[in-house]
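Everything below concerns the one structure shown next.
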There are 2 protein chains.
Amino acid sequence: MVNIGDVARAAGVARSTASYALSGKRSVSDEVRRRVAEVAAELGYTPNAGARALATSRAMVIGLLAQFLPDEFAPAMLQYIQGVANTARDLGYDILLSSDPDGPAALKRLTDSRMVDGVVLLNVAEHDERLPVLRAAPQPGALVGLPGDCTGVDVFDLDFEEAGRAMVEHLAGLGHRELLLVSQPEHVIERGGAYVWRLQNAALETAAVRGVHLRVVHGSSSQPDIGRDLHALLDAHPETTGLLLNNEAAAAALPTVMHERRLTAPADLSVIGRYSDEFARTFSLPFSSIESAPDRLGRMAVRQLVRRIEKELTDDAPHVVRFVAPELVDRGSTAPPPAR
Amino acid sequence: MVNIGDVARAAGVARSTASYALSGKRSVSDEVRRRVAEVAAELGYTPNAGARALATSRAMVIGLLAQFLPDEFAPAMLQYIQGVANTARDLGYDILLSSDPDGPAALKRLTDSRMVDGVVLLNVAEHDERLPVLRAAPQPGALVGLPGDCTGVDVFDLDFEEAGRAMVEHLAGLGHRELLLVSQPEHVIERGGAYVWRLQNAALETAAVRGVHLRVVHGSSSQPDIGRDLHALLDAHPETTGLLLNNEAAAAALPTVMHERRLTAPADLSVIGRYSDEFARTFSLPFSSIESAPDRLGRMAVRQLVRRIEKELTDDAPHVVRFVAPELVDRGSTAPPPAR
DNA sequence: CTGAAAGCGCTTACAG
DNA sequence: CTGAAAGCGCTTACAG
């Protein structure tokens, strides 16, 4: 493989000059710069990444720690990964993807070995075991998802509380008085999926204020269980006129369940979900929803991370916790409740 | 960060000895080995990846080139990624994920810079522009998907021809005489998605042999278009008693379409798909299907790739083209056609 | 069994 | 404006 020595020789300059000519980090005569560039292109020179990383302490790689948990709905995960990967590439970074179930160990290895200049954590839990490892690492980290303790990291998440409020306000405003919120399974909460109860509590509060009845239930996060769950719930609570979904698997299963019950939205039942537009398209979901903005969150996280990596933000610059405001995408699945 | 010099000093040996003690690449007295190991653990030593890569010409990283094409159904892609990532990790390799739409450029950069020791290509097309780049690279490559020219690479794919035969044989054997095969959109074929016509041609041949009528149509690969397509097709061809799906989006949309038409499988219509079991679970698909085995294909590709990287297979060892035999997963969606 | 040294391919102070 | 040299942190022949 051709290295910078070959380029320098062919251009008739010193290796350092070739390096500077290519990087532009110090002034080089136009003549030399042109010759070096020409020769480099001709020989097809690409710097050796390991050597560069060793010399600069910059790998130009971002670690992406995703966990494919059995109780997470995988297609929803993919969108965060795409958002992170696309933004990283635009900013000149490659993505090292770790799906190791042992997140803390994987994170420690990636950071200690200096393979990555920073990391993005997906699937962040309330008490995330990866956080102590991340705080001890010299590299910065950005999270998608709100943990209990945000010190030392930049955090990006959907404003799930506002999402809960907005969903209830919307349906209450249309006149609904009997609402049902389908959340994730209980063990997602136990594992620390804070977004579940953040939305849920805000929804309950808003319901109390508006004087409407909101029942919270936990559905499975996998098929076909969630389909059975939904049938059972609609059987058990026939008074329900408005359905709120904070569970992607439930959203994906609902069209089938409604067909089976000969229900249509919004004539028989008003429905609001919480998922991304891309997800809605993939599953052909006809329900209005709070946009969960995975691409935007991924982009925000990477942008901030790169700012820290490149020292545009000093190490002691305060860390941010930024919430994306929920936006209601109207797909026409809500209306005043049917007259009785 | 602690480096091998620190470990050596703390253990009272030379850096080379520390290195050998940790790698086991030459004999070291038990006493020294133990002391080095102890000190390394105590100090939390992790080798610098860039330095090691530079010294050994091994990055311990595999490049994964995925393309999220607008006409590919993303959730199906994810499973190949998981298969590759899991196997790589088991074998001690990390994954560099590239989703760059400019595949050839991304591949060239990753290989020229020596960031990766080998690459796995997903989404391989008949005339894949990444292949010339890969053949010119010093690193080995493994493909998931069959290109027109397999020289210089190891290839793994589902046996789509056998899959086409098996689907038709199965339905013909049950007595069906009017079959409809829903393929990918035409532009997937134009782009070089050979698996589409491989299955299709084999299916047509088998149908001819068995004397049954098989109509091939192309459906959209995205929602909600594919739903409309399916309705139109079933309207246009009411004589159809057996439906074959080589289109993941169509499979995901079909349950809704059948509900809307008040059709059930297999009473009104026999259905066979071609997708993975994991996919069937995600979308709660009740149809029998030819298993597309993404995890298995990903694993096979990585295993072979690592064999080449680690020189278990010499450079001139013949490259393989290996097909996974299609397996029919019976979900009870086929039966003899309804009596007329 | 162990150590001193060279070298992987870069970048970047240090000199001029 | 340019060059010679040191150094990043490893591994691995070369000596003993």
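Scope of the values below: all heavy atoms of this structure, side chains included, with no hydrogens, waters or symmetry mates. Throughout, protein chains are lettered first and strands after them, A, B, ... in sequence-line order, and every chain is numbered starting at 1.
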**Request:** Flag the pair R299(A) and D90(A) as a salt bridge only when some basic side-chain nitrogen lies within less than 4.0 angstrom of an acidic carboxylate oxygen.
**Result:**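 Looking at D90(A) together with R299(A), the answer is no, because their closest N to O distance does not fall below 4.0 Å.
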
**Salt-bridge contact R109(A)-D94(B) (side-chain N to carboxylate O under 4.0 Å)** =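 Salt bridge: yes.
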
**Asked** Got a second to check how far L110(A)'s CG is from Q139(A)'s CD, nearest 0.5 Å?
**Response**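 Reported value, rounded in 0.5 Å steps: 8.5 Å.
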
Would a 4.5 Å heavy-atom cut-off, applied to side chains only, mark [X] and [Y] as touching?
X       : Y       : answer
D117(B) : I62(B)  : no
L131(B) : L143(B) : yes
L122(B) : L64(B)  : yes
V119(A) : L107(A) : yes

Residue list, salt bridge (charged side-chain N to carboxylate O under 4.0 Å, His left out) with [X], at least two apart or on another chain:
X       : value
R307(B) : none
D149(A) : R135(A)
R26(B)  : none
R191(A) : D71(A), E72(A)

**Message:** Tell me every residue that passes ring pair (Phe, Tyr, Trp, His ring centres under 6.0 Å) with Y80(A), counting only those two or more places apart in sequence or in another chain.
**Reply:**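 Partners of Y80(A) under the ring pair (Phe, Tyr, Trp, His ring centres under 6.0 Å) test: none.
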
**Request:** Under 4.0 Å from any heavy atom of chain A: name the first and the last nucleotide of DNA chain C that qualifies, 5' to 3'.
**Result:**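 Contact span on the strand: dG9(C) to dC14(C).
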
**Request:** Classify the side-chain pair T314(B)/D316(B) by whether it contains a donor and acceptor separated by less than 3.5 Å.
**Result:**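 There is such a pair (donor and acceptor under 3.5 Å, judged by atom type) between the side chains of T314(B) and D316(B).
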
**Message:** Please list, in numerical order, the residues of residues 18-25 of chain B that have a heavy atom closer than 4.0 Å to any atom of DNA chain D.
**Reply:**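 Those residues are S19(B), Y20(B), K25(B).
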
**Asked** Does anything in residues 34-52 of chain A reach DNA chain D, meaning a heavy atom under 4.0 Å, and if so which residues?
**Response**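 Contacting residues: none.
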
**Members of residues 3-12 of chain A that approach DNA chain C, where some heavy atom sits under 4.0 Å away** =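 Those residues whose heavy atoms fall under 4.0 Å from DNA chain C, taken from residues 3-12 of chain A in numerical order, are N3(A), I4(A).
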
**Prompt:** Which residue pairs pass the side-chain hydrogen bond (donor to acceptor under 3.5 Å, both in side chains) test when at least one of the two sits in residues 41-57 of chain A, sequence neighbours left out?
**Reply:**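 Found T46(A)-D112(B).
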
**Asked** Can you give the dot-bracket line for DNA chain C, using ( ) for pairs inside the strand, [ ] for pairs that cross earlier ones, | for pairs with another strand and . for unpaired bases, where Watson-Crick and G-U count if both distances are under 3.5 Å?
**Response** |||.||||||||.|||

**Item:** Pairs meeting criterion salt bridge (Lys or Arg N to Asp or Glu O under 4.0 Å) with involvement of residues 8-24 of chain B, two or more places apart
**Value:**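 The answer is D6(B)-R9(B).
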
**Message:** Need one value for S29(A): base, sugar-phosphate or nothing, where a base atom within 4.0 Å counts as base even if backbone is also close, heavy atoms only.
**Reply:**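 Sugar-phosphate, backbone atoms only, no base.
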
**Message:** Which is more 5' along DNA chain C, the nucleotide nearest S57(B) or the one nearest S27(B)? Just name the residue.
**Reply:**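 Counting from the 5' end, the first nearest nucleotide belongs to S27(B).
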
